[in-house]
Amino acid sequence: MSMEVAKKAEIVEKYATQKGDTGSPEVQVAILTGRMEELAAHMETHKKDFHSRQGLLAMVAKRRRLLDYLKKKNEGRYQELIKSLGIRR
């Protein structure tokens with residue numbers, strides 16, 4: 001399951017640290033969060049789709065690693081990101 005190009009571009013524009021930035025941890029985490037939300041909605045209706053569930057768990061693990069890295073490198077950017085994405089309530 002992939003994200004629409006327009007939605008992905010909007011996320012990149014919002015979380016980019018500079019023009020053309022697609023690789024910063026903030027952008028990667030934001031894109032993963034968007035994909036995870038779409039996949040979670042898919043899982044609500046398709047409860048027995050275990051392949052998608054495995055992919056969702058892999059995305060959760062990758063986002064966790066990226067967030068750990070960002071927290072280690074810059075605590076302020078980490079706090080700002082989790083607040084804007086609404087994770088770690």
Side-chain angles (χ1 to χ4, degrees):
M1 302 198 71
S2 63
M3 185 181 296
E4 291 181 13
V5 176
K7 184 174 180 185
K8 188 174 182 178
E10 179 184 318
I11 290 172
V12 168
E13 183 180 325
K14 181 176 180 182
Y15 291 99
T17 57
Q18 60 188 10
K19 186 174 177 5
D21 176 23
T22 58
S24 69
E26 291 93 339
V27 173
Q28 291 183 50
V29 168
I31 290 172
L32 276 172
T33 301
R35 288 180 61 202
M36 288 168 50
E37 289 169 355
E38 289 179 358
L39 198 50
H42 168 81
M43 295 298 294
E44 289 291 321
T45 56
H46 302 92
K47 296 187 186 314
K48 294 188 178 185
D49 187 354
F50 295 110
H51 288 92
S52 292
R53 182 177 187 276
Q54 186 175 9
L56 179 61
L57 292 175
M59 285 185 228
V60 169
K62 183 170 184 143
R63 184 176 74 172
R64 175 75 260 150
R65 287 192 306 269
L66 285 166
L67 285 170
D68 287 344
Y69 169 79
L70 186 59
K71 186 174 184 179
K72 181 175 70 172
K73 291 295 182 183
N74 192 327
E75 178 82 26
R77 286 171 45 192
Y78 168 79
Q79 293 295 335
E80 184 178 318
L81 180 64
I82 61 171
K83 184 184 291 186
S84 68
L85 288 175
I87 52 181
R88 307 270 176 264
R89 292 177 182 86

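Fair warning: this is a prediction, and the values are worked out from it, not measured in the lab. Values below: all heavy atoms of this structure, side chains included; hydrogens, waters and symmetry mates excluded.
- Across all their heavy atoms, S52 and L39 have their closest contact at O-CD2, 3.6 Å.
- Here Q28 contributes atom CD and T33 contributes atom OG1; the two are 11.5 Å apart, rounded to the nearest 0.5 Å.
- Take R77 and apply the salt bridge (Lys or Arg N to Asp or Glu O under 4.0 Å) test, not counting sequence neighbours, and it matches E26.
- Between Q54 atom CD and M59 atom CE the span is 11.0 Å, to the nearest 0.5 Å.
- Scanning both residues, R35 and M3, for their nearest heavy atoms gives N-CE, 3.3 Å.
- Summarising the geometry, atom OH belonging to Y78 is positioned 13.0 Å from atom NZ belonging to K83; distances are rounded to the nearest 0.5 Å.
- With a 4.5 Å cut-off on side-chain heavy atoms, V29 and L70 do not count as touching.
- A 6.0 Å sphere centred on CD of E80 holds no more than 12 heavy atoms belonging to other residues, nucleotides or ligands.
- In this structure, the separation between OH on Y15 and OG on S84 is 3.5 Å, given to the nearest 0.5 Å.
- Separation of atoms CD1 (I87) and CD1 (I82) is listed at 6.5 Å; rounding is to 0.5 Å.
- In this structure, the separation between CG on N74 and CD on Q79 is 10.5 Å, given to the nearest 0.5 Å.
- Not a single salt bridge (Lys or Arg N to Asp or Glu O under 4.0 Å) links D49 to another residue, sequence neighbours left out.
- When the salt bridge (Lys or Arg N to Asp or Glu O under 4.0 Å) test is applied to K7, the partners found at least two apart in sequence or on another chain are E38.
- Judged by distance alone, the side chain of D21 and the main-chain N or O of T17 form a donor-acceptor pair under 3.5 Å.
- Under the 4.5 Å side-chain criterion, counting only non-hydrogen atoms from C-beta, V27 is in contact with I31.
- The list of salt bridge (charged side-chain N to carboxylate O under 4.0 Å, His left out) pairs with a residue in residues 52-62, not counting sequence neighbours, is empty.
- Within the structure, every pair that satisfies the salt bridge (charged side-chain N to carboxylate O under 4.0 Å, His left out) test and touches residues 65-74, not counting sequence neighbours, is listed here: R64-D68.
- Identified under the ring-ring contact (aromatic ring centres under 6.0 Å, His included) test for residues 44-70, with sequence neighbours left out: H42-H46.
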